[in-house]
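The basis for the numbers below is simple: all heavy atoms, side chains too, and nothing from hydrogens, waters or symmetry mates. Every chain is numbered from 1, with letters handed out A, B, ... down the list of sequences. Values in this document were obtained by computation on a predicted structure and should not be read as measured data.
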2 protein chains.
Amino acid sequence: MAKTDPPNDVPRRATLKEVAKAAGVSLASASYAINGAGSVGEATREHILKVAAQLGYRPNQSAKAMKTGRTGAIGLIVPDLTNPFFPSLAQVVIQAARAAGYSVFLTDTEGSPEAEQQAVSLMVDHGVDGVIWFPIADDGPVGRLIEGVPTVVLDRNLPGYDVIQADYADGGRLAAEHLIAAGHTNIGVISGPHAASSARQRAEGAIATVREKANLTWHVNNAFSLDLEPAVAAALETRTATAVIAGADLIAIGAMRHIRSMGLVVPDDVSVIGFDDIPWAQLHTPALTTIDMPVEDMAAAAVETLVRRITNRSEPRRRVVFNVELVARESVTGPKS
Amino acid sequence: MAKTDPPNDVPRRATLKEVAKAAGVSLASASYAINGAGSVGEATREHILKVAAQLGYRPNQSAKAMKTGRTGAIGLIVPDLTNPFFPSLAQVVIQAARAAGYSVFLTDTEGSPEAEQQAVSLMVDHGVDGVIWFPIADDGPVGRLIEGVPTVVLDRNLPGYDVIQADYADGGRLAAEHLIAAGHTNIGVISGPHAASSARQRAEGAIATVREKANLTWHVNNAFSLDLEPAVAAALETRTATAVIAGADLIAIGAMRHIRSMGLVVPDDVSVIGFDDIPWAQLHTPALTTIDMPVEDMAAAAVETLVRRITNRSEPRRRVVFNVELVARESVTGPKS
DNA sequence: CCTAGACCATGAAAGGTTTCACGTGCTGAG
DNA sequence: CTCAGCACGTGAAACCTTTCATGGTCTAGG
């Protein structure tokens, strides 16, 4: 009876040593040839490359990582994949990373700081060269863990990190102006959780402008997603506002559903404006007027910044703020006369 | 002038050797203590653990991987993150994987076989313990690359792999029955690209049933997403069908938009039924009747199967088929009398 | 009191790669 | 003709861990 011989269904990948031997050169030369570094004669290099290809050589990344300290992986940490904004972001990040030769660990923190903590730690332990982090809240214990790993922070201005943001305050302003220009004077604001600076900025931008040029009928915060907080529902039900600015498209959509369930119609009875321009926004009926930010550019900038920092840790910190713009659709009209 | 001293802004993580030295034990003992393997006295183990914690020791995964051949990472390959079906899937996979101690490399193949090829190869090179793969088409060159890496295939029945599927044919049947029960006799079918067996199954299930109990007015395939193929638009414009079965919710939504742009209303003029039950389906106006499959269960099953195969490569192949169900909403009514 | 084992602990090899420091042999300038 | 220097190659160390084989100490049974 043969004892368990090496399973031949799992063809071990060729090692560099084997390539070197097969090519009749030293390990060092093989390495140099393949990495294009060192000094190898043109003829030898080609020969080695040919042999390597023949053997189907693929470098063992773990070993490589051990020597170089580079894993070729980056992490992307987002709060909630269920919010369509994030897949859009992830898609571009993955694509850009791939172009730069990196693979992407994706993790979803489920909106919970504990999960965020755990996720990040798993990721960092795993050995990533850098992290793109879209924090749930402004800060928290996670910041410490990431210490030592190049990190670019999306959407929030965390001191000490590279930061990619959009000009939310201006977005809030734009939204308010748009409504005011349409003739609204009684405007309500629903904002996201104020633990997040982004939500604050959006709200503050809107509120400041509304206060200045119209009436801020009410302001509720801490709305999170499609399911409306009771406070939000209550505010909506006062029917005192003819227009609503929501801190996110998801919130806006939730609000519109609620409004409809009250027997009112958007935009005839109440105008609604959102934030993010998620893909559904234009698919919704009525199509949602919203504030659009250049996700693609932001994602690309994030990757680019991260790669830059990975390759040169002493880069000066960067903070890039992208402009937002209003995209007018059907969910806003003038107030009922 | 000091020559560039070791950068102290990047605190090198403690190595196991350092822990061992600090604890006054051998490297081996430290390793055993931390991994809970080998034989270490209770007292020593605790001491080592304490020292390790103090030093903030985190094992170097690359080194570990090199010895053990396990990277603790799995890959998830999906066609298109923009289709909300996939983020839902990804979310559960990531979560389940995390629970099992794995991190997830996510990659989006942009619906293109070349990108798929490149993505997979990058991933495999990177060293993943296994792959969950949602193929674009039924087969192709990628299959070869994955050879040697444990793989579970989602949605398509690829021979030789572990497979997780939903019973699409039955879904098609369900959709057709539903329409017929509502009184429709002229039914059109729009299906996805027939290169994908899933699309074929959906269509075949629907068509068989329609043929049997009503009239198949027309059938166009190769629809892909929101943007309708000209052929699809043309079919819709014949206005010969009072109900349409679409091979995916995204297709259904695209169709509804087109129908509306023709001045017709869903469901009064045309009933529409989709496939997938993506989150938008219920948010859409009118809410979309669709075939729901248990994404969470499928994702969890995929991870579980993969982990099983990783830890025991000689597991028998599995093929799990999940039941689908129809969720009735607003986009279907009886035909106009 | 002796010895077999149990129990702990350790040294050292191995795993695949990069890279430093060095050694050849040749070219071309003086 | 000599020798500096270049181009090309190589041996070996180092990266951090796991794990095998081995050795020492102590206990308990005979």
I'd like to know if the side chain of B/Thr107 reaches the main chain of B/Ile77, judged simply by a donor and an acceptor atom lying under 3.5 Å from each other, with no hydrogens or angles considered. no
Donor-acceptor pair, distance only, cut-off 3.5 Å: does the side chain of B/Arg309 make one with the backbone of B/Pro150?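 Looks like no, no N/O pair under 3.5 Å.
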Spacing of A/Glu110 atom CD and B/Gln91 atom CD [to the nearest 0.5 Å]: 6.5 Å
Among [options], find the nucleotide with the atom closest to the side chain of [X].
{"X": "B/Ala28", "options": "D/dT18, C/dG16, C/dG11", "result": "C/dG11"}
{"X": "A/Ser26", "options": "D/dT10, C/dG16, D/dT17", "result": "D/dT10"}
{"X": "B/Leu27", "options": "C/dT19, D/dT18, C/dT17", "result": "D/dT18"}
{"X": "A/Ser31", "options": "C/dG15, C/dT18, D/dG9", "result": "C/dT18"}
{"X": "A/Thr44", "options": "C/dG15, C/dT19, D/dG9", "result": "D/dG9"}
{"X": "B/Asn60", "options": "D/dC16, D/dT18, D/dG9", "result": "D/dC16"}

Think [X] has a side-chain N or O under 4.0 angstrom from the OP1 or OP2 of [N]?
{"X": "A/Ser39", "N": "D/dC8", "answer": "no"}
{"X": "B/Lys64", "N": "D/dT18", "answer": "yes"}
{"X": "A/Ser29", "N": "D/dC8", "answer": "no"}

Atom [atom1] of [X] to atom [atom2] of [N]: distance rounded to whole Å?
{"X": "A/Glu42", "N": "D/dA7", "atom1": "CD", "atom2": "C1'", "result": "13 Å"}
{"X": "A/Lys67", "N": "C/dT19", "atom1": "NZ", "atom2": "P", "result": "7 Å"}
{"X": "B/Ile34", "N": "D/dT17", "atom1": "CD1", "atom2": "C1'", "result": "11 Å"}
{"X": "A/Lys21", "N": "D/dT10", "atom1": "NZ", "atom2": "C1'", "result": "16 Å"}
{"X": "B/Leu16", "N": "D/dT19", "atom1": "CG", "atom2": "P", "result": "12 Å"}
{"X": "A/His47", "N": "D/dC8", "atom1": "NE2", "atom2": "P", "result": "17 Å"}
{"X": "B/Gln61", "N": "D/dT17", "atom1": "CD", "atom2": "P", "result": "10 Å"}
{"X": "B/Lys17", "N": "D/dC15", "atom1": "NZ", "atom2": "C1'", "result": "10 Å"}

If you look at every strand shown and take non-hydrogen atoms under 4.0 Å, does B/Ser62 touch a base, only sugar-phosphate, or nothing?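 B/Ser62: no heavy atom of the nucleic acid under 4.0 Å.
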Which word best sums up how the rings of B/His126 and B/Phe105 line up, parallel for under 30°, tilted for 30 to 60°, or perpendicular for over 60°?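 B/His126 and B/Phe105: tilted rings.
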For D/dC16, does the base pair up with any side-chain atom of B/Tyr57 as donor and acceptor (N or O, under 3.5 Å, distance only)? no
Under-3.5 Å donor-acceptor pair between A/Tyr32 side chain and C/dC20 base: yes
Any side-chain donor-acceptor pair under 3.5 Å between A/Arg156 and A/Gln165? no
State, without any angle test, whether A/Asp129 and A/Thr71 hold a side-chain donor-acceptor pair at a distance under 3.5 Å.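 Present: a donor and an acceptor within the cut-off.
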Taking for each residue the nucleotide of DNA chain C with the nearest heavy atom, is it B/Val25 or B/Met66 whose nucleotide lies nearer the 5' end? B/Val25
